[in-house]
Amino acid sequence: NNMKFEQVLTTTPTAEILIPVAKLASMIHVSRSSIYDWMNSKSSRYDPTFPTPVKVGRATRWLLSEIHDWIQTKAKARDSSQLRTLTPQN
C-alpha cells in the first residue's frame with residue numbers, strides 16, 4: 001500500500017496505526033515537548049486524559065485510534081461548555 005501517512009489519517013481515522021511523537025506533534029500542530037508535558041504528572045500542563053503511549057522496543061508510539069478518540073472527547077467537552085454558556089441560567 002503506497003498511501004501517504006496524511007491520507008491514512010483522513011481516510012481511516014480508526015485504523016490501529018502506531019504513530020511516533022514527531023508525526024503526532026505535526027498532526028495536532030503542537031510541539032513534541034507539549035506532548036511530553038501532557039504525559040508528565042509533575043507538569044502544570046499535565047493532561048490525565050491524554051492517551052498513554054505504547055512502547056515498541058525503545059520506541060514510543062501512540063495508537064491513532066486513541067488519539068482520534070481523545071480529540072473527539074476534547075471537541076465534545078468544548079461543545080457542551082459552549083452550550084452551557086449559551087443556555088440561560090434561571
Side-chain angles (χ1 to χ4, degrees):
N1 190 341
N2 288 337
M3 283 182 108
K4 291 186 177 178
F5 183 75
E6 291 75 16
Q7 289 173 309
V8 171
L9 290 177
T10 57
T11 59
T12 53
T14 58
E16 291 303 331
I17 296 170
L18 294 172
I19 55 175
V21 69
K23 289 278 187 192
L24 175 57
S26 174
M27 182 180 108
I28 59 177
H29 304 285
V30 299
S31 66
R32 292 184 316 184
S33 63
S34 290
I35 292 168
Y36 289 119
D37 281 346
W38 295 340
M39 295 171 30
N40 180 356
S41 61
K42 295 178 182 172
S43 171
S44 62
R45 300 169 69 198
Y46 176 60
D47 181 350
T49 68
F50 190 70
T52 303
V54 175
K55 293 296 271 184
V56 181
R58 292 178 15 181
T60 301
R61 301 288 186 263
W62 283 262
L63 285 169
L64 180 58
S65 61
E66 290 181 358
I67 295 300
H68 182 260
D69 291 346
W70 176 75
I71 292 169
Q72 292 301 318
T73 299
K74 292 287 187 187
K76 286 177 186 171
R78 174 206 60 202
D79 294 345
S80 68
S81 173
Q82 289 175 349
L83 182 61
R84 281 194 303 273
T85 303
L86 298 173
T87 304
Q89 304 296 317
N90 293 343

Nearest-0.5 Å distance that lies between atom NZ in K76 and atom CD in Q72: 6.5 Å
Atom pair CG (D37) and OG (S44), whose distance is rounded to the nearest 0.5 Å: 7.0 Å
Shared hydrophobic cluster for I28 and I19 (ILVMFWY, side-chain gaps under 4.5 Å): yes
Smallest separation among heavy atoms of E66 and T52, with atom names: OE1-O, 3.8 Å
Cluster check L24, V30: I/L/V/M/F/W/Y, side chain < 4.5 angstrom: yes
K23 and S26, any side-chain heavy atoms less than 4.5 Å apart: no
Shortest non-hydrogen contact from F50 toward M39: CD2-CG, 3.8 Å
Listed partners of S31 passing side-chain hydrogen bond (donor to acceptor under 3.5 Å, both in side chains), at least two apart: S33, S34
With sequence neighbours excluded, residues passing side-chain hydrogen bond (donor to acceptor under 3.5 Å, both in side chains) with T49: D47, W70
Output a table of donor-acceptor pairs, distance under 3.5 Å, between side-chain atoms of residues 56-64 and any protein atom two or more places apart or on a different chain; print 'none' if there are none.
unit_1: T60; atom_1: OG1; unit_2: K55; atom_2: NZ; d: 3.1
unit_1: W62; atom_1: NE1; unit_2: P51; atom_2: O; d: 3.2

Side-chain donor or acceptor of S43 paired with backbone N/O of N40 under 3.5 Å: no
Salt bridge (charged side-chain N to carboxylate O under 4.0 Å, His left out) partners for R32, two or more places apart: none
Common cluster, Y46/I71, ILVMFWY with side-chain heavy-atom separation under 4.5 Å: no
For T73, all residues meeting side-chain hydrogen bond (donor to acceptor under 3.5 Å, both in side chains), sequence neighbours excluded: none
